[in-house]
Structure formats: C-alpha cells, structure tokens
Amino acid sequence: MCGIVGYVGRAPVVEALLDALGRLEYRGYDSAGVAVLNSQGLEVRKRVGKIRELAATLRRRPITGHLGVGHSRWATHGEPTERNAHPHVDCTGKLAVVHNGIIENYGPLKERLIAKGHKFASQTDTEVIVHLVEEFAKRHPIPEAFRLALKELRGSYAVCLIAEQDAKRLFGAKNGSPLIVGIGQHESFFASDVPAILSRTRRVVYLNDLEVVELTAEGPKLTTLEGKPVRRNPTTVDWDITAARKGGYPHFMLKEIHEQPEAIEQTLFNRLDPAKGRIVFDRRSKRFLDGLSPSEQFIIIACGTAYHAGLVGEYMLEELARVPVDVDLASEFRYRGASLNRHTTVIAVTQSGETADTLAGIRLAKAQGAKVLAVCNVMGSSIAREADAVLYTHAGPEIAVASTKAYTSQVTALALLTLYLAKQRRHVPPAQWRKLVDGLASLPRLIDQALASEPAVKAIAAKYAAARNFYYLGRRYNFPSALEGALKLKEVCPVIHAEGYAAGEMKHGPISLIRKGWPVVFVATASPVYEKVISNIEEVRARKGECIVIASEGDAAIKRHADSLITVPRTEEFLSPVVVAVPLQLFAYYVADANGADIDQPPNLAKSVTVE
Ligand code: M6R
C-alpha cells in the first residue's frame with residue numbers, strides 16, 4: 001500500500017528518490033520522507049502531504065549524497081503525521097528504515113526495547129525494526145544485526161535499512177510484502193513496485209520471502225535469513241508503465257478485487273484475537289463503545305456501496321448484538337428531520353471520509369447532541385477528524401471508482417463492531433460465540449477461496465454480456481448483496497440496467513418484466529431462508545427467466561434450479577455478504593470488460609463525491 005524506494009549509485013540520491021516516489025504517487029499516500037547517508041552522517045526529511053511538498057522542503061534544506069531510502073506512507077496504524085512518516089531512525093540517529101507491511105508482534109517487541117532504554121518517537125509498528133537492529137548492532141556487524149532483527153519479526157514486511165556504520169550499501173528484505181531490486185548502469189534500486197524504477201532500468205530481481213539483500217551500485221548480494229548465499233538472475237520487465245502500475249492486472253478494479261484477502265486481514269489485524277475469543281479496539285473506540293447506554297439507538301448513514309455495507313451492518317447488529325438500528329442514505333437522513341438525542345449513535349460508513357452528504361449528516365447529528373462513530377478507510381479525512389471515534393477499515397488506497405475492497409472491509413469492520421457489542425451485552429451463548437469468532441478469523445482465507453471462482457464467473461459473464469437488463473435478488477444478509485451486485489454492474493458497465501431487490505419483493509412488481517432469457521442473479525447461499533429463495537428462483541424460471549445462482553459449496557441440490565451456477569465457500573451467514581461480494585464484483589467486471597467499458601473510470605462518476 002505504501003511505497004518504498006532505495007538508491008545507491010553515482011546520481012544525486014535525492015533526485016533519484018523523489019523521481020521514484022513520484023512514480024508511485026498513483027497508489028495514494030498521505031506523507032513521505034527520505035533518509036540519506038553522506039559525509040555529514042544520516043540526514044532525514046519528512047513531510048505530511050504530497051511529494052511536491054517534500055521536494056519543496058528538500059529545496060529549502062537540501063541533502064546531497066549517493067545512497068538513501070525513501071517512502072510514501074498511506075496511514076494505517078498511527079495518524080498521518082510527520083512523526084509517523086517513514087523513514088524511522090534509532091536512538092543514535094545512525095540507522096534508518098522504511099517499511100511496508102504489519103509487524104504483528106510489535107507490542108511485545110516495543111515493551112522489551114523500552115525496558116532496555118530505547119526511546120520511541122512514533123506510533124508505528126515499523127519503529128521497532130530500527131531499534132531492534134540498533135540493539136543487535138551493539139554486538140554484531142550491520143548485516144548480521146539486520147538478519148537477527150528480521151528473525152524476531154512476526155507478520156509481513158518489505159523493509160530497507162541504511163546504516164552509518166556500513167555506509168556503502170543498502171540492506172533490504174521481504175516477507176509477505178513486495179520488494180524488488182533494480183539493476184542499472186553503476187546504480188541499483190530497491191522498490192516496492194516496478195513502476196518506481198522503470199524509467200531507469202528494466203533489469204529486475206524479484207525477491208522471495210525471507211531473503212535478505214545487500215545492495216551496492218554494482219548490484220545485489222542475496223542471502224537467506226541464516227546468511228546462506230542465494231543465486232538469482234535478473235529478469236527483464238517487458239510491461240509498459242501503465243500495466244506495471246496495475247501490478248500486471250488490466251484494471252485497478254481487478255487488482256483491488258484480488259487485494260481483498262490482504263485488505264480484510266488488515267481490517268482484522270490487532271482487533272480480533274481468535275485464541276482468546278476477544279475483540280480489541282483502540283483506546284478511543286473502546287472508551288466510546290463502553291460508554292454507550294444500554295438503550296442506545298443506532299443510525300447508520302452512508303451513500304452508495306457504503307450504504308449497502310451499512311445495510312449488512314443493520315442485520316448483524318440487530319440479530320447478534322440485539323441493538324436497534326436504522327439505516328439511512330446520508331442524502332435522505334440530512335433532510336428527513338430525524339429526532340436525535342444524546343442516546344443516539346450515528347455510524348457513518350465511508351471509504352473516502354469526504355462524501356459531502358455523509359459529512360453533512362454527521363454534522364447535523366452532532367448539532368443535535370448525538371454521538372458519531374465513523375467506519376472509514378482514509379486516516380485524517382474530514383469525517384475521521386470530526387467523528388467522536390473511528391474504526392478504520394485499513395483496506396489500503398482504492399483507486400478504481402467502483403468500490404470493491406473498501407466494501408468488504410466495511411462489512412468486516414461492522415462485524416467486529418457487532419461482536420464487540422454482542423459480547424459487551426452478553427447476547428451470544430459461548431458455543432455460538434466461538435463459531436462467530438472463528439468465522440471472522442477465517443474470512444481472508446475464504447475470500448481467497450472465493451477468488452478461485454474467477455474462471456467460472458468469467459465464462460458466465462461472457463454468456464450474458466449481451467443482455468441489457470439484469471435483476472439481482474437475495475434475502476436477509478444477502479438482500480444488500482443483491483443491491484450491491486446490481487450497483488456494481490450498472491456502475492462499471494453503463495450500457496446495462498441492473499436492479500437489486502429483496503427476493504420477497506419480486507412478486508410485488510418486478511416480476512412483471514421477467515420473460516424469456518431475462519437474467520436474474522440470485523444469492524442462494526446457506527441461510528434460514530434458503531428454501532424461500534429457491535421458491536423465488538422457480539418463479540423466475542416458470543417465466544423462462546435465466547437464473548445465475550450463487551450458492552454455498554457442497555449444495556448438490558441447487559444444480560437443478562440454476563441455469564448458471566457459481567459456488568462460494570461456506571461461512572457463518574452474517575459473513576456471507578463478504579464472500580458473495582467476490583463473484584458479484586468479478587461478474588460485473590467481466591461483463592463490463594466484454595462490453596469494452598471504461599472500467600476504472602466510468603462516465604459521470606467520481607471516486608469521491610464531495611459535492612451534494
Ligand atoms: O467514500 P464513500 O464510501 O463515502 O463513497 C460513497 C459512494 O460514493 C461510493 O460507495 C460509490 O457508490 C462507489 N462508486 C460505489 O462503487
């Protein structure tokens with residue numbers, strides 16, 4: 001999500017780093033920084049905001065040199081501030097690291113390091129890495145200290161280190177997060193992503209997990225974490241810059257659909273403790289939630305896809321936490337004259353945190369004495385700043401206009417909230433609680449499995465790509481899935497009209513249009529209303545409509561009800577909208593692609609709707 005770059009060579013390092021960081025700007029970020037080694041020692045510059053602002057700082061306070069690292073940060077753990085921006089330095093100011101990923105055991109590591117006298121300057125998990133290296137460097141040379149530090153880390157990382165004690169080379173390593181080496185003419189690079197270096201070289205070494213690199217201007221030396229040499233020849237990248245930005249995917253939307261296992265992992269990180277069966281929130285959110293009255297009234301407000309996530313939240317919160325919930329489109333909420341008071345909590349669900357109607361909704365709520373909890377993806381956004389507490393979704397930057405990973409991470413965050421309130425209010429018996437928690441913990445894996453349906457979904461999309469009208473139907477938790485599936489399709493393929501309904505509503509009007517070949521996407525996963533959905537399917541088939549059915553794996557009986565069948569892994573019903581979202585998104589994507597649509601930037605749509 002964030003961008004890493006490193007340079008060693010003959011060119012002025014700051015120019016090389018800024019150029020590479022600029023080429024990663026499309027990924028989104030909120031702060032940036034560089035660290036350079038030169039005859040003065042280690043020098044660091046950081047700025048909140050754009051790379052051009054960092055460049056302005058570097059013009060005012062220049063640094064020269066030929067070796068350094070840079071980073072653009074998209075805040076996940078810790079606000080977007082200069083302190084939290086990378087590079088992070090150790091207590092002596094002689095070591096600096098940049099890092100992508102999550103260090104899962106940073107809490108205990110930090111405590112241990114503080115006990116040894118280390119002083120921490122940021123709220124990030126990253127900072128433990130540089131202090132760990134500092135600690136080991138008291139007794140070992142830098143390459144060994146780096147490897148020993150890496151061995152202590154649990155979680156994912158792409159990390160680059162520079163050290164005054166070993167000032168002729170850069171160090172890098174990866175586990176789970178991407179890091180590549182670029183080899184140029186008497187210059188070498190680290191980068192988290194190929195586009196950063198494509199203008200300078202196409203010769204790239206792709207690193208494997210748990211490999212360590214010592215990098216000089218003449219190229220990399222690879223070893224294992226144990227220090228055993230690794231041989232790897234460079235490959236030549238033949239992507240153009242546009243393809244490279246999309247990580248090899250033809251569109252950002254497809255890339256982001258595939259990022260969902262990682263995005264959900266980030267949403268759950270540090271919050272779900274399946275071993276202890278606990279949900280843990282940051283101090284501010286915990287204080288907020290623990291202070292709610294037993295008779296608190298919840299109103300979820302949101303727009304578009306976020307509204308659909310809110311509808312799923314309503315089902316979860318009412319059924320499992322037994323709290324009363326209303327869900328409103330933010331554009332309606334702000335004008336409907338709702339009467340709120342200090343026992344009302346408005347939950348604003350928003351990817352961008354800037355949507356004008358949602359923002360106006362929370363201002364109105366606060367003016368009436370209500371409390372505001374935001375479920376938001378962008379740290380430091382207007383809604384995140386104005387809310388009383390924020391559950392960040394941590395899905396990473398979403399670039400395609402059509403929301404995919406932001407949606408599933410919103411539903412996941414609402415699931416966390418639901419389980420927290422359910423436990424607090426003792427509404428779930430222990431045996432059921434275990435199942436719910438285990439279900440939530442397995443979501444990233446289940447989404448990964450759901451992505452395996454891609455070839456089947458693509459084939460089905462090809463079959464229906466010429467249709468111009470679609471219905472989407474579902475019940476209970478998957479009524480919002482039907483709305484979201486239809487929105488996704490009409491959004492990315494604007495030549496198609498798609499409408500989502502609660503399946504039980506079909507007989508009250510929409511059925512009048514069903515005729516031979518009319519495609520209807522049904523969500524018929526395992527649920528207490530499964531039989532009722534089957535009846536709705538048969539009503540469509542009786543009128544010769546075509547049923548594209550999304551069902552749970554292992555449902556042998558469904559085959560005879562479906563013209564086209566897509567299966568998804570079984571899960572607890574309250575989490576099924578997350579798993580079901582994957583084939584719905586893929587279906588919209590491939591139908592749009594077959595129609596030659598401008599998938600990432602559909603006409604008339606903007607990523608962030610900041611006007612009413
Ligand atoms: O940034 P927000 O989540 O507040 O945005 C809300 C909607 O504008 C957004 O979900 C929109 O509907 C998406 N384009 C849907 O894919």
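Remember, it's 1-based here, ligands and their atoms both numbered in the order they're listed. The model shown is predicted, which means the values in this text are computed figures rather than measured ones.
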N/O separation below 3.5 Å, T305 to ligand 1: yes
Closest heavy-atom pair and its distance - I347, L317: CD1-CD1, 4.3 Å
Residue-ligand contact V401/ligand 1, heavy atom below 4.0 Å: yes
Under 4.0 Å to a heavy atom of [X] - the qualifying atoms of ligand 1, by number:
| X | result |
| --- | --- |
| A306 | 3 (O), 10 (O) |
| A402 | 16 (O) |
| E491 | 13 (C), 14 (N), 15 (C), 16 (O) |
| S352 | 1 (O), 2 (P), 4 (O) |
| S403 | 15 (C), 16 (O) |
| G304 | 12 (O) |
| K488 | 15 (C), 16 (O) |

Working for salt bridge (Lys or Arg N to Asp or Glu O under 4.0 Å), residues K405 and E262: CA-CA 9 Å; K405 62 176 182 171; E262 192 198 337; over 6 Å; no
Candidates V591, V582, I566 - the one meeting side-chain contact (heavy atoms from CB on, under 4.5 Å) with V457: I566
Presence of salt bridge, K50 and E25, under 4.0 angstrom: no
Counting non-hydrogen protein atoms only, what is the nearest one to [atom]? Give residue, atom name and distance.
| atom | result |
| --- | --- |
| atom 8 (O) of ligand 1 | V609 CG2, 4.0 Å |
| atom 4 (O) of ligand 1 | T355 OG1, 2.5 Å |
| atom 6 (C) of ligand 1 | C303 O, 3.3 Å |
| atom 3 (O) of ligand 1 | Q351 N, 2.6 Å |

Cationic tip of K255 above Y249 ring, under 6.0 Å, 45° of axis: no
Part of E354 with heavy atoms under 4.0 Å of ligand 1, whether side chain, backbone, both or neither: neither
Chi angles and distances behind the side chain to side chain donor-acceptor pair (under 3.5 Å) call for N478, S527: CA-CA 10 Å; N478 286 303; S527 83; over 6 Å; no
All salt bridge (Lys or Arg N to Asp or Glu O under 4.0 Å) counterparts of R283, not counting sequence neighbours: none
Min side-chain heavy-atom separation P480-P577 under 4.5 Å: no
Qualifying residues under ring pair (Phe, Tyr, Trp, His ring centres under 6.0 Å), relative to F333, sequence neighbours excluded: none
